> 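Attaching a single structure in structure tokens format; questions to follow.
None of the values given here were measured: they were computed from a predicted structure. Just so you know, these numbers use all the heavy atoms, side chains as well, and skip hydrogens, waters and symmetry mates.
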Amino acid sequence: MNKHNKLRDFYILWSTQSLSQLGSTITAFALTLWLYDTTGSSLSTAALRICTYTPYILMSIFAGAITDKIDKKKAMLFCDLMAALTTVAVFVLYKTDTLSIWHLYLINAFSGLMNTIQQPASEVAYTMVIPKEQYQKTSGLQSLSRSLITIGHPLIAPIVYGFGGLDAVIVIDLFTFAVAFIALFVFIKIPNVPDSSENEGSVLVLAREGPAYLKENPMILYVILFMAGVNFISSAFDAALPAYIISNPRGGNFIYGVVTSCSGVAMIFGSLIVTILPKPKNRVKIIYLSMLFSLATENYILAFSRLPVIWCIGQILGWIFVPVMAANQNVIMRSSIPARLQGRVYACRNTLQFFTIPLGLGFGGFMVDHVCEPLMKNAALPMQFLFGSGKGSGAALLLFILGIAGTVMCLIFGHKLSKYSYSD
């Protein structure tokens, strides 16, 4: 059997699930635009993602233990179905003219809860359908699809929402769900996990094995904690970016979509780099250096620039090495963690690595609305020269602060990570 036949199930799973993710992100982006237009608040829009991530973080360790005990395909199908039902709920509320902000927060929280099971189940499923020698290549392809989604959804969502409203957005979302659901249900067979009989016992007992594994493997733990710091800075940036661009005289919804999509363009090139590069001598060092470059460029460039083309360049520099980081972390975890433990360890990773995302979103939204924007209203002339004046200048100030914080954080963790080396 040639290598393409060996990857048949991966190609089907990867392509259809990516299509479904595109539909979901189009809906999420359209709802973010609707909410920001309604409230004009960075904190209220950031709260959408906070509601998504909070149950995901709080319940992941237990969900990982559940995932290791149940059939991965059935878990993915169930979670996909629940996600589709939340989209239907938004549609019904919208058509009956009863859609409120709190509805979106509640629906996002439920979606985040379903994702606590979906994400580790899909990680294990990918491990089972990918030959080990293809881990780096397939990680690059997964980064490529995420890049295309990042490019596509901020460009597609405003157009579809502008011409067809939420009706059209939701129809696209449900169509992509149907394609992914049918493909997984009919065409994909996920092999059983080796030694899965060892996963007997209570969920609480199994849940402890994820943290215990990380404690015994400090290299993986420190990489996860480093990425938690990166996620805090990045999510605070995400909370500030709409306030910086949408309210800017040279910005607006369309420019915000274009700038956001540039991160996807950058990740396409980064993903292609991953697929053709030879195995690095030290994957840990690659992770650290790629994130240092990202955080030490994008924040400063956007903070001090006033032109959309410069914003796009900043996005490209900030995101081009993200797939390189993601692929190397992915290879380390897939190669190091036994398949029977992957659900628990990935779920534990989700809690530790992603708990900083809602914190960063809340911090970024609060700082823009209640600290930086009010501060810049009465700022001295030098501050206005650096960061501009009027609405959006406070967001520029925050981007500068995040640039400093990200650079310092990378240097501190880089010293710690320099003690470790990994090459498969």
> Supply the atom-to-atom distance Ile224 CD1 to Met219 CE, rounded to the nearest 0.5 angstrom.
10.0 Å
> Does Tyr222 OH have over 12 foreign heavy atoms under 6.0 Å away?
no
> Which distance, rounded to the nearest 0.5 Å, do you find between the CD1 of Ile101 and the CG of Leu106?
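Going from CD1 on Ile101 over to CG on Leu106, the span is 14.0 Å.
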> Please state whether the rings of Trp14 and Phe10 are parallel, tilted or perpendicular, taking 30° and 60° as the class boundaries.
parallel
> With the side chain counted from C-beta on, respond yes when Ile310 and Ile301 share a heavy-atom pair under 4.5 Å apart, and no when they do not.
yes
> Any chance you could measure Leu22, atom CG, to Asp173, atom CG, to the nearest 0.5 Å?
9.0 Å
> Any chance you could measure Asp9, atom CG, to Ile130, atom CD1, to the nearest 0.5 Å?
10.5 Å
> Here's a test for you: under side chain to side chain donor-acceptor pair (under 3.5 Å), which of Arg283, Lys279, Lys285 qualifies with Asn328?
Arg283
> Report the distance from atom CD1 of Ile233 to atom CE of Met409, rounding to the nearest 0.5 Å.
5.5 Å
> Any luck finding a side-chain donor-acceptor pair between Tyr244 and Ser393 under 3.5 Å?
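Judged by distance alone, the side chains do not pair up.
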> Closest heavy-atom contact between Thr16 and Ala180?
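Distance-wise, the nearest heavy atoms are O-CB, 3.4 Å.
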> Surrounding OH of Tyr105 (heavy atoms of other residues, nucleotides or ligands, distance under 6.0 Å), is the total greater than 12?
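For Tyr105, atom OH is crowded (more than 12 foreign heavy atoms under 6.0 Å).
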> For the residue pair Phe400 and Phe387, does the interplanar ring angle fall in the parallel (under 30°), tilted (30 to 60°) or perpendicular (over 60°) class?
tilted
> So, Gln329 versus Gln353: side-chain donor-acceptor pair below 3.5 Å or not?
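Per modelled atom types, Gln329 and Gln353 side chains form a pair under 3.5 Å.
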> Nearest 0.5 angstrom please: Phe413 CZ to Met227 CE, how far?
11.0 Å
> Could you give me the CA-CA distance, side-chain angles and deciding distance for Tyr288 and Val223, then say whether side-chain contact (heavy atoms from CB on, under 4.5 Å) is met?
CA-CA 8 Å; Tyr288 153 67; Val223 169; over 6 Å; no
> Between Phe177 and Phe181, how do the two ring planes meet: parallel, tilted or perpendicular, split at 30° and 60°?
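Ring orientation of Phe177 relative to Phe181: tilted.
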